[in-house]
Participant: 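My questions all concern the structure below.
We name chains A, B, ... by the order of the sequence lines, and we start the count at 1 in each one. Computed from a prediction, not measured in an experiment: that's the story for all the values here.
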Amino acid sequence: MSTIEQLNEKMESLQQMEDGSSLKTLRHEAFSEFRKNGVPTTRHEEWKYTRLGGIMNKDYNFSLDRHSISKEDFDAYRLPGYEEANELVFINGFYSGEMSKIISEELVVMPLERAAAGEYENIITTYLGHSRNYLVDGINAMNTALMHDGVFVFCKKNADTKHPVYIYNIQDARSSNVFSQPRSLIYVSQNAKMQIVETYITIGQSESFTNQVMEVVTMQDARIEYYKIQKDHVQTNAVSTTHIIQQERGFAHAVTISMDGGIVRNNLNFIMCADHGESHMYGLYFLQCNTHADNHTIVDNIRPNCLSNQLYKGILSGHSTGVFNGKIFVRQAAQKTNAYQSNKNILMSDTATVNAKPQLEIFADDVKCSHGCTVGHLDDEGLFYLQSRGIPETKARALLIHAFAMDILEQIYLDPIRKYIDQEISERLENE
Amino acid sequence: MLSIKNLHAGIEGNEILKGINLDVKAGEIHAIMGPNGSGKSTLASVLAGRPEYEVTEGSVTFLGKDLLELSPEKRAGEGLFLGFQYPVEIAGLSTINFIKTAVNEVRKYRGEEPLDSVSFLKMMKEKMALMNMDKALLNRALNEGFSGGEKKRNEVFQMAMLEPKLSILDETDSGLDIDAIRIVANGVNKIKKEDHAVLVVTHYQRLLDFIVPDFVHVLYKGRIVKSGGKELALELEERGYDFIKNEYEVEATA
């Protein structure tokens with residue numbers, strides 16, 4: 001049976017599951033969407049540069065569950081600063097309460113199914129699946145249609161959450177290819193603060209494909225920082241969606257660091273559905289070998305007086321490919337919108353590629369929007385300046401690349417994570 | 001220390017230097033003057049090893065070594081320093097990290113141990129005092145948002161930290177007001193030691209009021225057409241470059 005047939009069969013069987021009406025309805029609708037749209041091909045405008053066909057044609061072991069990874073296995077992969085962090089663990093796409101650790105009293109964490117059937121039903125009904133309005137393709141629908149063992153995180157009103165939340169998406173590829181579909185909804189209540197770090201880990205040398213969807217709601221005056229770290233090995237592919245819905249004066253700050261992997265596609269959406277929201281998104285893709293990293297961002301300005309700022313930087317060597325597609329909508333009511341976008345790339349080899357595409361759709365007349373894109377090589381004048389001070393060429397190059405990455409690194413406000421990424425970048429530069 | 005013989009060099013096939021001869025000995029200060037486009041900055045760039053310039057003829061020896069064979073970083077290791085006319089701004093690289101790396105790379109080249117943090121800071125404090133440098137500048141990104149004066153002061157500060165044998169100052173006075181020139185020149189004078197030679201490349205005489213040269217050379221159309229003592233600079237200031245041009249053209253047509 002092909003992978004698509006197996007997925008269809010799984011979706012079909014999940015239709016029968018009784019776990020709260022909202023989940024059931026969503027799954028049902030997503031299943032028909034999936035059947036209608038299928039897995040996107042490069043003919044789909046939003047998937048022009050990223051080909052999923054090869055991934056979908058592989059065979060995967062769909063019988064892997066949340067128990068295949070032990071605590072000892074996991075220990076080797078924990079991120080720096082974990083001692084002081086809440087840790088949520090997905091194994092093969094299923095939330096594992098057993099492996100997770102919640103130390104903040106301000107957080108309520110439970111399986112999505114339970115949240116949908118209990119006091120959080122309203123939140124689930126309102127926000128879960130919101131991303132499908134923006135990602136009209138079979139891949140988003142596939143995650144929703146297969147939604148099962150996801151997690152719901154509720155951050156209480158006025159909470160000043162001191163401990164960040166680390167989210168690990170772990171795949172067990174030790175004996176066979178693994179296909180995982182983590183799902184989560186994070187609700188940050190009024191005036192609450194929260195920091196999230198998310199990472200992807202494939203254990204074993206077989207292939208993995210992770211199709212993950214996280215939806216986040218920041219309520220009035222809430223503040224969220226979100227850091228995504230992609231450093232998985234070359235046999236791993238991922239479509240990773242983070243969809244953030246912002247209410248009045250919501251503040252969101254996202255940094256996406258992509259350093260390794262096979263094919264990596266990130267969807268980062270900011271839906272500014274109320275006045276005075278503020279969003280910042282930063283990205284660094286530092287790629288080598290054949291890694292393909294595609295960053296698609298959407299900022300939807302629905303209401304007036306919102307600010308968004310995005311800066312994505314790429315450093316590409318080997319045969320790597322970077323894609324940046326930044327879409328900004330400014331709806332008719334969204335007067336006084338400020339929306340800025342910038343994408344800068346350095347090509348380190350003749351065989352690396354960058355595809356950059358800004359898309360601005362503006363329907364209001366009193367707005368400030370800008371976008372810019374550069375693709376170039378390392379600055380010769382800077383290189384000569386450093387060399388003329390006695391710094392050997394290879395080291396001078398490393399210093400300049402590190403300097404280029406610095407304004408993204410500086411946006412990681414969590415010290416242990418920033419130091420860790422900084423160290424990883426330095427190590428790669430030393431080995432080049 | 002430095003011996004330039006019949007140096008021809010250019011960029012993208014255009015010959016700019018057409019046979020330069022110059023000898024600089026330890027402890028001497030030489031000034032290279034000349035009108036715009038005469039090849040002053042090209043000479044400075046070729047000596048420091050700027051890659052876009054091509055040497056087509058002639059030789060340069062520096063402390064007994066064939067300078068033209070060495071990469072820019074090795075030239076720095078051997079003790080050559082170029083103060084840039086336009087110091088480069090590098091966002092994301094702190095001045096202090098840059099200088100520490102440079103100092104230790106040069107020490108490594110010279111077979112010396114790298115400085116530990118304590119000795120480095122001590123050395124830095126001394127040289128900063130010498131240059132009247134504001135400590136805040138060191139924690140900022142290299143030259144980013146520095147004023148013209150701050151950039152040039154930073155150049156001379158780097159020179160102090162790297163302890164070169166020959167310093168080439170390329171139009172260090174350009175874009176500076178008289179106070180800034182005085183500060184920079186004082187810095188150079190304080191650093192200057194017995195065995196340290198300086199090549200000052202400048203369009204105007206005013207820097208030479210503060211850094212007094214032993215020799216002045218006038219560069220015109222890629223050649224040194226006149227050499228003299230410090231009084232030559234004063235003469236140029238008074239009469240302008242035209243008299244050099246006229247003399248040269250007369251000679252050339254005679």
Participant: Identify the heavy atoms of A:A403 and B:I90 that sit nearest to each other, and give their distance.
Facilitator: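 So the minimum-distance heavy-atom pair works out to CB-CG2, 4.1 Å.
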Participant: Between A:E410 and chain B, which part of the residue has a heavy atom less than 4.5 Å away: side chain, backbone, both or neither?
Facilitator: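 Answer is neither: A:E410 stays 4.5 Å or more from chain B.
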Participant: Look up atom NE2 in A:H402 and atom CG in B:L93, then write down how far apart they are to the nearest 0.5 Å.
Facilitator: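 Going from NE2 on A:H402 over to CG on B:L93, the span is 10.0 Å.
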Participant: Flag yes if more than 12 heavy atoms outside B:K100 fall under 6.0 Å of its NZ atom; otherwise flag no.
Facilitator: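 Enclosed.
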Participant: Could you state the interatomic distance from CZ (B:R75) to OG (A:S388), rounded to the nearest 0.5 Å?
Facilitator: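 Reported value, rounded in 0.5 Å steps: 11.0 Å.
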Participant: Output the option from B:S71, B:G77, B:G49, B:P164 having the highest count of non-hydrogen pairs under 4.5 Å with chain A.
Facilitator: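 Looking at each of B:S71, B:G77, B:G49, B:P164 in turn, B:G49 comes out on top.
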Participant: Under the ring-ring contact (aromatic ring centres under 6.0 Å, His included) rule, what do A:Y385 and B:F98 come out as? Steps first, then yes or no, please.
Facilitator: CA-CA 11 Å; A:Y385 190 51; B:F98 161 68; 5.8 Å; yes
Participant: Under 6.0 Å from the CD atom of B:E113, do we count more than 12 heavy atoms belonging to anything else shown?
Facilitator: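 It does not: B:E113 CD has 12 such atoms or fewer within range.
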Participant: Any side-chain heavy atom of B:V88 within less than 4.5 Å of one from A:L386?
Facilitator: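 A side-chain contact is absent here, since even the closest heavy-atom pair is not under 4.5 Å.
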Participant: Counting only heavy atoms from other residues, nucleotides and ligands, does the tally under 6.0 Å from NZ of A:K357 exceed 12?
Facilitator: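 Yes, enclosed.
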Participant: Report which part of A:D379 has an atom under 4.5 Å of a heavy atom belonging to chain B: side chain, backbone, both, or neither.
Facilitator: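 Just its side chain gets close to chain B.
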Participant: Which heavy atom of B:A76 sits nearest a heavy atom of A:G390, and at what distance?
Facilitator: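 Looks like CB-N, 3.4 Å.
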Participant: Does any heavy atom of chain A fall under 4.5 Å from the side chain of B:F84, the backbone, both, or neither of them?
Facilitator: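 For B:F84, the contact with chain A is made by backbone and side chain together.
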Participant: Nearest 0.5 Å, please: how far is CD in A:Q387 from CD in B:E105?
Facilitator: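 Answer for the CD-CD pair, B:E105 versus A:Q387, is 11.5 Å.
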Participant: Looking at every non-hydrogen atom in both residues, tell me the closest pair between A:F384 and B:P51 and how far apart they are.
Facilitator: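 Nearest heavy atoms, A:F384 then B:P51: CD1-CD, 3.8 Å.
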Participant: With sequence neighbours left out, what residues match A:R418 under salt bridge (charged side-chain N to carboxylate O under 4.0 Å, His left out)?
Facilitator: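 With neighbours one apart ignored, the set is A:D415.
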Participant: Between A:E381 and B:E89, does the side chain to side chain contact (heavy atoms under 4.5 Å, CB included) criterion hold? Intermediate values first, please.
Facilitator: CA-CA 10 Å; A:E381 188 63 17; B:E89 297 192 12; over 6 Å; no
Participant: Please classify the contact of B:L142 with chain A as side chain, backbone, both or neither, using a heavy-atom distance under 4.5 Å.
Facilitator: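 For B:L142, the contact with chain A is made by the side chain alone.
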Participant: For A:R389 and B:L162, which heavy atoms make the closest approach, and how far apart are they?
Facilitator: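 Heavy atoms of A:R389 and B:L162 come nearest at CD-CD1, 3.8 Å.
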Participant: Out of B:I99, B:N97, B:L82, B:L80, return the one with the most heavy atom pairs under 4.5 angstrom to chain A.
Facilitator: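 Most heavy-atom pairs within the cutoff with chain A belong to B:L82.
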Participant: Side chain, backbone, both or neither: which part of A:L409 has a heavy atom under 4.5 Å from chain B?
Facilitator: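 Neither part.
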Participant: Rounded to the nearest 0.5 Å, how far apart are CD of B:E73 and CD of A:E393?
Facilitator: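 Separation between the atoms: 6.5 Å.
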Participant: Side chain, backbone, both or neither: which part of B:A91 has an atom under 4.5 Å from a heavy atom of chain A?
Facilitator: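 Backbone only.
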